[in-house]
2 protein chains.
Amino acid sequence: MDSAATTSDLTDHLGYWLRLVSNHVSQAFARKVEARGVTVAEWVVMRQLLDVEVLAPSRLAERMGATRGTVSKLADRLIGKGLAIRSPDPEDGRGQTLSLTLAGRTLTPELALLADQNDAEVFGGLSARDRAALARILRSIVDNRGLKAMPIE
Amino acid sequence: MDSAATTSDLTDHLGYWLRLVSNHVSQAFARKVEARGVTVAEWVVMRQLLDVEVLAPSRLAERMGATRGTVSKLADRLIGKGLAIRSPDPEDGRGQTLSLTLAGRTLTPELALLADQNDAEVFGGLSARDRAALARILRSIVDNRGLKAMPIE
DNA sequence: TATTGTTATACTCTATAACTATA
DNA sequence: TATAGTTATAGAGTATAACAATA
C-alpha cells in the first residue's frame, strides 16, 4: 500500500468505505420509513417491542445501546403517534413498561418489509457469495470487539 | 434462510450489522479526535483542505456531500479554533476560499494517524484476506449504487 | 442509599429556505 | 436573473446531569 513516509489517504481507510455505505443504507431506509410517519430510531424501538411485547424502558435502553433519557423521549414520540403505550409496572412502583398499540403492532411488520426491501436494493447487486462473506466479516468484527448494542437501522 | 411466512428478523438484515460496526468505528474515532479538540465532521473538512490547500466552500460541499450551509458552519468552527481561515476570492467578488492555518496543517496529519490507529484497532483482528474482501465488497456497493459523497469518518 | 424513569440542557449533524452581495 | 455564501430555523439523535418517586 503506502510507504511509511506517505501521509495516509483518507480514502485508504476501511472505516471510510464502511461509513459511506452505512450512511447510504441508513439514509435510504430513513426515507422509506419517513413515508410511514416514523423515524429510524422509532422503528428500532418498535421492532424490539414487537418481539418482547412488554419491556421496561431501562431494559430497552440496554438493548438499544441508548441512554434512558433517549428511550424516554423516543417513547414519548411513539405514544404521541398512537403507536405505543406506557403503563405502570404492577410489581414495582417506580417502574413503567412500554408496549405497542394495535396500530403499532400492525405497522411494525410493514416497516420490517421496508427494511427487507432496502437490504435488497443495496446488497442485491452482490453475488450470494459476497453477501455471505460480508455478513460473516461484519459479525466477526462484532464478536472480536465485543459489540452488543442495537444500532439504529 | 427464513420461510416466506416468517416475520423478518431485524438481526437478519445486513444493514443492521453494517450500521452496528460503522457506528462503532465512528464513535471510537470521534472519541480519539475529541481529545484533539475537533469533531469528526471538522476532520473531514481539514483532510480535504490539506489535499487541495485552497478550496471554495461550494466545492467543498460537493466533495463532502453536504450542503453549503453545513460547510459554512463547519468553517466557522474551524476558524474559531484557529485551524482554518476564510479569504475573499480575488477573481469573483462573491466567492470565498478556505484554507488551513499552520496550526491546521500541523494537526491534520496527526488526526490521520488517529484514523489509521482506529482502523487498526477495529479491523486488525481480521485476516489480511478478509480485510481485502471487505474493502472490495464495500467498493463494489459504492460503484453499484453510484455513491460519491464523502462521508464523515 | 440505590434505582427507575423523566426532564432539563446542550451539542453535533443535517436540511431547507430566506437573505445579501455580486455577476 | 443566476450564483456564492451566510444566516435563520428546525428537527433528529445523542449525552450528561438534576430531579422525583419508590425500593
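So you know, we letter chains A, B, ... as the sequences are listed, proteins then strands, and number each from 1.
Within the structure, a side-chain polar atom (N or O) of A/Arg77 is placed less than 4.0 Å from OP1 or OP2 of D/dG13. Remark: A/Arg59 is in phosphate contact with C/dT4, judged by side-chain N or O atoms under 4.0 Å from OP1 or OP2. Dashed line: the shortest gap from a side-chain N or O of B/Thr67 to OP1 or OP2 of C/dT14 is not under 4.0 Å.
Residue A/Asn23 contributes atom CG, which lies 12 Å from atom P of C/dC13 at whole-angstrom precision. With rounding to whole Å, A/Arg68 atom CZ is found 14 Å from D/dA18 atom P. If you take NE2 of B/His24 and C1' of D/dT14, they are 17 Å apart, rounded to a whole angstrom. One can place CG of B/Leu74 at 16 Å from P of C/dC11, the figure rounded to the nearest angstrom. Nucleotide C/dC11 holds its C1' atom 11 Å from the NZ atom of B/Lys81, rounded to whole Å. In this structure, the CG atom of A/Leu78 is 14 Å from the C1' atom of D/dA12, given to the nearest Å. The separation between A/Leu60 atom CG and C/dG5 atom C1' is 13 Å, rounded to whole Å. If you measure from atom CD of A/Glu34 to atom P of C/dT16, you get 11 Å, rounded to the nearest angstrom.
Heavy atoms of A/Ser58 sit under 4.0 angstrom from primed sugar atoms or phosphate atoms, though from no base atom. Residue contacts for B/Thr39: at a heavy-atom cut-off of 4.0 Å it reaches the sugar-phosphate backbone alone, with no base atom in range. Residue A/Ala56 is in sugar-phosphate contact alone, with no base atom involved, counting any heavy-atom pair closer than 4.0 Å across all strands shown.
Comparing A/Arg94 and A/Ala66 against DNA chain D, the residue whose closest nucleotide sits nearer the 5' end is A/Ala66. Summary of the strand contacts: A/Asp76 and A/Gly95 both lie near DNA chain C, and taking for each the nucleotide with the nearest heavy atom, the more 5' one is attributed to A/Gly95. Looking at which nucleotide of DNA chain D each of B/Thr70 and A/Thr70 is closest to, the 5′-most match is held by B/Thr70.
Counted within 6.0 Å of CD on B/Gln117, heavy atoms from surrounding residues, nucleotides or ligands total more than 12; the atom is thus considered enclosed.
Taking 4.5 Å as the limit, some side-chain heavy atom of A/Leu134 sits within range of a side-chain heavy atom of B/Leu134. Under the 4.5 Å side-chain criterion, counting only non-hydrogen atoms from C-beta, B/His13 is not in contact with B/Leu18. Side chains of B/Arg68 and B/Leu60 form no contact here, defined as non-hydrogen atoms less than 4.5 Å apart.
No N or O donor and acceptor, one from the side chain of A/Lys73 and one from the base of C/dT6, sit under 3.5 Å apart.
When distances are taken from the side chain of A/Asp92 to each of D/dA23, C/dG5, D/dT6, the shortest belongs to D/dA23.
The closest side-chain donor-acceptor pair between A/Arg63 and A/Gln48 falls under 3.5 angstrom.
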